[in-house]
Amino acid sequence: MRTVRVLSAALLTLGLAAAPAVADASPSPSRDSSAAPTRAGTSFRTATEFEQGQRATASGSTGDYLYWSFPADTGQRPTVRATVKLPDTHAAQTWQIDVYDGLRRRQACQYGAQTRTAAADASSVDLTCVLRTVRAWSEPWANDPLPGTYYIRLTATGVPASDLGLPVDTEVRADSKDIGGPAAVDGSLAEPLVPGIATKSEDQQENAAVLAGLQPEDGWASGWWSDRWVWTAVGGVLAALAGVAGYALTRGAGRPARVPPSA
């Protein structure tokens with residue numbers, strides 16, 4: 001019974017220790033929509049920044065390239081969604097959403113409808129791109145997602161000449177699921193990938209070039225820590241408890257009282 005009590009207490013302690021790691025697996029919370037941007041950039045340099053969880057909106061014309069950017073950190077698996085509200089009258093149109101990292105490398109989508117064709121009677125079209133999990137470190141030759149700024153480009157392809165310039169309304173949103181320890185690697189970046197140059201206007205003066213100004217709510221987490229350490233410690237404690245329990249079960253009751261000690 002004593003062994004059972006010890007094991008129960010240990011498992012309760014391990015459950016409490018693992019709770020934060022499990023909680024990290026939830027999607028990012030929704031941000032205040034009142035602060036979300038209502039315009040889009042027309043190039044990487046003028047991409048409009050927004051936070052994960054916000055719904056950014058913009059009005060544009062069919063045939064334009066619309067750009068936004070958002071920060072993504074280690075262990076996150078971003079999902080980018082876009083909705084295009086089409087004019088009442090239009091021909092069939094194909095819309096596409098592309099995501100680039102801070103080095104402007106196009107990132108492949110794991111799954112999702114990255115490209116869709118809207119029929120002539122469609123009122124809107126929805127696009128989705130689920131990226132791979134952002135890694136803390138990668139080989140120089142690899143194209144793995146790394147922590148830093150990510151760019152969204154939304155545009156229509158193969159548009160008939162009669163539809164060029166027609167007004168459209170767009171919405172984009174980026175959310176992430178925290179993968180945590182399973183995505184941890186042995187290494188980290190010294191700094192996030194934010195070399196992309198943006199511009200902002202200060203007091204009606206000329207636009208000034210600045211680095212991407214947004215970062216995750218809790219700051220960049222590149223470093224040695226991950227919840228893999230928690231599960232490693234959990235495994236070590238469980239192995240020790242298994243050893244103690246095995247010894248208690250196999251050692252027996254000791255020398256019977258009726259048997260005299262050996263000389």
Side-chain angles (χ1 to χ4, degrees), residues 27-28 30-31 33-72 76-134 143-145 149-177 196 198-199 212 214:
S28 57
S30 178
R31 300 293 181 88
S33 59
S34 62
T38 56
R39 63 179 183 85
T42 56
S43 68
F44 285 104
R45 293 176 60 88
T46 60
T48 299
E49 295 179 320
F50 70 98
E51 295 278 7
Q52 289 194 40
Q54 288 183 328
R55 188 180 300 275
T57 60
S59 297
S61 301
T62 305
D64 289 346
Y65 285 89
L66 305 178
Y67 289 81
W68 296 266
S69 66
F70 67 94
Q76 294 182 340
R77 187 173 64 193
T79 297
V80 178
R81 296 180 176 86
T83 299
V84 182
K85 297 180 180 179
L86 303 172
D88 295 336
T89 304
H90 63 85
Q93 299 178 2
T94 299
W95 285 82
Q96 180 172 318
I97 186 171
D98 297 297
V99 182
Y100 299 81
D101 65 9
L103 298 180
R104 300 183 186 178
R105 304 177 302 180
R106 184 176 179 274
Q107 293 295 315
C109 301
Q110 275 190 311
Y111 50 87
Q114 182 182 6
T115 302
R116 271 190 170 175
T117 299
D121 58 349
S123 60
S124 64
V125 58
D126 295 322
L127 305 168
T128 305
C129 177
V130 180
L131 298 176
R132 294 171 294 166
T133 302
V134 178
N143 194 35
D144 295 320
T149 299
Y150 282 78
Y151 294 92
I152 302 171
R153 185 179 72 181
L154 177 64
T155 189
T157 61
V159 180
S162 59
D163 280 3
L164 290 176
L166 291 180
V168 293
D169 293 323
T170 62
E171 295 181 358
V172 294
R173 181 185 176 99
D175 297 284
S176 286
K177 180 178 180 180
T199 59
L214 296 181

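This chain uses plain numbering: 1 for the first residue, then up along the sequence.
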Of all pairs that satisfy side-chain hydrogen bond (donor to acceptor under 3.5 Å, both in side chains), the ones with a partner from residues 157-170, not counting sequence neighbours: Ser59-Asp169, Gln93-Asp163

Point-to-point distance, once rounded to the nearest 0.5 Å, from OG1 of Thr48 to CZ of Arg39: 4.0 Å

Asp64 backbone acceptor or donor facing Thr155 side chain under 3.5 Å: yes

Flag side-chain contact, heavy atom, 4.5 Å: Leu154 against Leu127: yes

Working for side chain to side chain donor-acceptor pair (under 3.5 Å), residues Gln54 and Arg173: CA-CA 6 Å; Gln54 288 183 328; Arg173 181 185 176 99; over 6 Å; no

Residue pairs involving residues 96-117 (criterion ring-ring contact (aromatic ring centres under 6.0 Å, His included); sequence neighbours excluded): Phe44-Tyr100

Any Phe70 side-chain heavy atom under 4.5 Å of Ile152 side chain: yes

Listed partners of Ala156 passing side chain to side chain contact (heavy atoms under 4.5 Å, CB included), at least two apart: Thr62, Trp95, Val159

side-chain contact (heavy atoms from CB on, under 4.5 Å) assessment of Leu66 paired with Arg153: CA-CA 6 Å; Leu66 305 178; Arg153 185 179 72 181; over 6 Å; no

Contact list for residues 100-130, test disulfide bond (SG atoms under 2.5 Å apart), sequence neighbours left out: Cys109-Cys129

Test item: Gln52 side-chain N/O and Pro71 main-chain N/O as donor-acceptor pair under 3.5 Å: yes

Side chain to side chain contact (heavy atoms under 4.5 Å, CB included) partners for Thr42, two or more places apart: Thr46

Any side-chain heavy-atom pair of Leu86 and Ser123 under 4.5 Å: no

Closest non-hydrogen atom pair between Ala82 and Val172, with its separation: CB-CG1, 3.9 Å

Closest approach of Gly53 to Asp175 (non-hydrogen atoms, all atoms of both residues): CA-OD1, 3.6 Å

Pairwise distance CZ(Arg55) to OG1(Thr83) - rounded to 0.5 angstrom: 7.0 Å

Heavy-atom check, side chain of Ser69 versus side chain of Phe50, under 4.5 Å: no

Residues in side-chain hydrogen bond (donor to acceptor under 3.5 Å, both in side chains) contact with Arg105, at least two apart in sequence or another chain: Asp101, Asn143

Closest approach of Pro160 to Ala92 (non-hydrogen atoms, all atoms of both residues): CD-O, 3.9 Å

Point-to-point distance, once rounded to the nearest 0.5 Å, from CH2 of Trp68 to CD of Glu49: 14.0 Å

Residues 113-121, side-chain donor-acceptor partners within the protein, below 3.5 Å, at least two apart:
from	atom 1	to	atom 2	distance (Å)
Gln114	NE2	Ile97	O	3.0
Gln114	NE2	Asp98	OD1	3.1
Thr115	OG1	Gln96	OE1	3.4
Arg116	NH1	Asp126	O	3.2
Thr117	OG1	Thr94	OG1	2.9

Interatomic distance, Ser43 atom OG to Tyr67 atom OH [nearest 0.5 angstrom]: 7.0 Å

Salt bridge (Lys or Arg N to Asp or Glu O under 4.0 Å) pairs, two or more places apart, involving residues 82-97: Lys85-Glu171

Considering all heavy atoms, the nearest Pro167-Pro87 contact: O-CD, 3.5 Å

Verdict with reasoning, Gln107 to Arg132, per side-chain contact (heavy atoms from CB on, under 4.5 Å): CA-CA 8 Å; Gln107 293 295 315; Arg132 294 171 294 166; 3.1 Å; yes

